[in-house]
There are 4 protein chains.
Amino acid sequence: MLHVWLHIDPRSSVPMYQQVVEGVKEAVARGVLNPGDKLPSVRELAMELTINHNTVAKAYQELEREHVIEVIRGRGTFIATEPDIPDLSVRVRELKEEMVRWIVEAHHLHLSDEELVELFQTVLREWREGRETL
Amino acid sequence: MLHVWLHIDPRSSVPMYQQVVEGVKEAVARGVLNPGDKLPSVRELAMELTINHNTVAKAYQELEREHVIEVIRGRGTFIATEPDIPDLSVRVRELKEEMVRWIVEAHHLHLSDEELVELFQTVLREWREGRETL
Amino acid sequence: MLHVWLHIDPRSSVPMYQQVVEGVKEAVARGVLNPGDKLPSVRELAMELTINHNTVAKAYQELEREHVIEVIRGRGTFIATEPDIPDLSVRVRELKEEMVRWIVEAHHLHLSDEELVELFQTVLREWREGRETL
Amino acid sequence: MLHVWLHIDPRSSVPMYQQVVEGVKEAVARGVLNPGDKLPSVRELAMELTINHNTVAKAYQELEREHVIEVIRGRGTFIATEPDIPDLSVRVRELKEEMVRWIVEAHHLHLSDEELVELFQTVLREWREGRETL
DNA sequence: GTGGTCTAGACCACT
DNA sequence: GTGGTCTAGACCACG
């Protein structure tokens with residue numbers, strides 16, 4: 001069985017292990033992976049993505065740290081059932097900072113505020129639809 | 001004259017040269033810097049921020065590549081007047097990809113789509129007000 | 001009869017066999033299990049906890065090594081009556097090392113020495129009360 | 001210059017990278033390392049401890065995650081100036097759980113509650129004195 | 001020079 | 001079988 005919900009670009013400047021992290025989080029957000037679902041083993045996924053197992057292991061450790069997955073020793077790795085967010089306020093602040101970066105970038109692309117809001121809503125809508133389709 | 005529109009945090013995980021890039025772009029977006037304005041020389045700015053001049057030079061190169069500034073040999077560096085963005089579609093696409101990543105992240109914080117839009121509009125409004133004040 | 005004095009969390013990072021060890025030791029310390037009491041067989045307990053019997057067997061071996069239980073061939077497993085601890089000084093030293101590690105950890109949470117002692121006495125008092133209740 | 005504040009036992013069952021983490025934290029708690037102090041580089045420390053640089057790197061990353069140290073790219077690693085504890089309540093609960101384990105262990109070593117409290121206070125006092133001496 | 005990432009291949013503890 | 005750790009040696013971005 002192939003895990004089509006994950007694609008890695010080894011030439012990207014974003015680290016491969018982080019692409020795995022984001023890929024899993026996106027799959028969860030899209031409902032492709034659901035609480036309790038078993039993830040492929042470290043070595044299985046590494047084989048399939050043709051990357052080293054250490055890279056996958058690092059990604060899984062990061063995902064566990066963020067409470068996205070749960071590791072049961074000797075049994076495997078699973079999507080977490082109870083999502084825990086201890087430092088929500090910190091992360092919301094980070095999200096807001098990233099939005100400011102959008103606003104700045106949009107200005108340099110000669111997008112008006114209205115166009116930017118519209119762009120955001122379009123992306124959000126498309127994402128929502130893509131998620132329902134899957 | 002001090003360039004209060006730029007603050008660098010050497011502790012941040014985002015590279016210092018990129019902080020300079022973003023700082024200049026934000027100053028332009030806020031209207032603190034306007035087309036034709038002269039930027040401090042590489043060495044001047046490096047001195048003021050107490051960072052290496054190579055770092056500032058790298059930031060200026062990046063800003064020139066993005067058509068935010070124009071370097072006129074023997075005269076200095078200026079905020080660009082040219083409004084054309086050659087690779088606009090590429091950069092809009094990158095912006096959209098950033099937004100998707102952001103949406104995924106927000107999903108894991110259990111924020112609803114409505115809260116996301118509201119959050120964005122709040123940030124946008126605050127930013128707009130901050131810009132008028134400056 | 002159900003052995004309500006033992007609860008295992010397969011998600012925990014602490015090995016399941018060790019959770020069994022600690023669970024039995026805690027039951028003894030609380031007076032839920034007393035010298036001479038018969039423990040369930042390896043397979044019985046494994047069934048009840050829905051874990052592998054190898055895991056329970058490993059726990060029983062460890063408990064026997066620590067002189068907490070005694071295995072009498074053909075009769076079963078019992079809480080030990082023998083109060084001698086051959087390697088007592090070693091184990092006290094280990095306990096002290098754990099305490100040092102704990103103190104270092106607490107230091108990083110900015111707890112004062114007085115708060116530490118108070119915290120410990122609170123936990124001890126609560127535990128003593130919990131033990132009487134059971 | 002030798003960093004006598006760190007000793008690693010490669011034969012211990014606790015991972016070497018974690019021994020480094022604990023060693024640095026202890027040095028900070030003891031006042032051997034102070035905010036702003038520069039840590040040896042990843043490769044320097046690895047050489048000195050005769051372990052792989054990846055192991056030290058992993059330890060440093062963990063320490064940064066816990067806000068014990070700060071990494072300034074291209075410059076080095078430093079003891080953090082502003083200690084941040086986002087999830088204090090969680091960690092205090094963990095500390096309390098470890099204390100329960102002491103109590104259980106003490107019972108099996110035939111230590112009375114009074115002897116246990118005394119043991120804890122002795123360890124704490126010794127640690128405090130050791131810290132002043134250094 | 002710094003830390004960060006990745007590979008290849010090994011060994012270990014746990015189930 | 002699972003994930004976790006470690007080594008050896010490589011390459012990269014950053015300052």
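So that the names make sense, note that chain A is the first sequence line, chain B the second, and so on, each numbered from 1. Note that the coordinates shown come from a computational prediction; the quantities given were computed from them, not determined experimentally. FYI, side chains are in, hydrogens and waters are out, and symmetry mates aren't considered; it's all heavy atoms of this structure.
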**Prompt:** Can you find a heavy atom in the side chain of C:Leu45 that is under 4.5 Å from one in the side chain of C:Leu39?
**Reply:**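 Of all side-chain heavy-atom pairs linking C:Leu39 with C:Leu45, none is under 4.5 Å.
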
- Message: When you compare the side chain of D:Thr55 with that of D:Val20, does any pair of heavy atoms fall below 4.5 Å?
- Response: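 Not in contact.
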
Round to a whole Å and report the spacing from [atom1] of [X] to [atom2] of [N].
| X | N | atom1 | atom2 | value |
| --- | --- | --- | --- | --- |
| D:Arg73 | F:dG15 | CZ | P | 7 Å |
| A:Gln19 | E:dT5 | CD | C1' | 12 Å |
| A:Ile72 | F:dG3 | CD1 | P | 11 Å |
| A:Leu45 | E:dC6 | CG | P | 14 Å |
| A:Leu49 | E:dT7 | CG | P | 10 Å |
| A:Glu62 | E:dG4 | CD | P | 13 Å |
| D:Asn52 | F:dC6 | CG | P | 10 Å |
| D:Ile51 | F:dT7 | CD1 | P | 6 Å |

Margin query: Regarding E:dG4, can its base be found pairing with the side chain of D:Arg43 as donor and acceptor, where the two atoms are less than 3.5 Å apart?
Written below: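 Yes.
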
(Q) Please pick, from F:dG15, F:dG3, E:dT15, the nucleotide with the shortest atom-to-atom distance to any side-chain atom of C:Met16. (A)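 Closest nucleotide to the C:Met16 side chain: E:dT15.
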
Q) Does any nucleotide pair with F:dC14 by Watson-Crick or G-U wobble geometry, both distances under 3.5 Å, and what is it? A)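 Base partner found: E:dG1.
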
Would you call D:Arg91 and C:Glu105 a salt bridge, using N to O less than 4.0 angstrom?
->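 Salt bridge flag = yes for C:Glu105 with D:Arg91.
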
Q) Any salt bridge between A:Lys25 and A:Glu66, counting N to O under 4.0 Å? A)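 So A:Lys25 pairs with A:Glu66 through a salt bridge.
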
Between [N] and [X], is there an OP1 or OP2 to side-chain N/O distance shorter than 4.0 Å?
| X | N | value |
| --- | --- | --- |
| A:Thr55 | E:dT7 | yes |
| B:Tyr17 | F:dG15 | no |
| A:Gln61 | F:dG3 | no |
| A:Thr77 | F:dG3 | yes |
| A:Ser41 | F:dG1 | no |
| C:Lys58 | E:dT15 | no |

(Q) Quick check: on DNA chain F, is the nucleotide nearest D:His53 upstream (toward 5') of the one nearest B:Pro15, or the reverse? Name the residue that is more 5'. (A)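 Whichever sits nearer the 5' end wins; that is D:His53.
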
Exercise for the section: Report the residue (B:Asn54 or D:Thr50) whose heavy-atom-nearest nucleotide on DNA chain F is the more 5′ of the two. Expected result: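 On the 5' side of the pair lies D:Thr50.
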
Given salt bridge (Lys or Arg N to Asp or Glu O under 4.0 Å), test C:Arg65 with C:Glu62 step by step and report yes or no. CA-CA 5 Å; C:Arg65 212 183 53 74; C:Glu62 173 66 17; 3.1 Å; yes

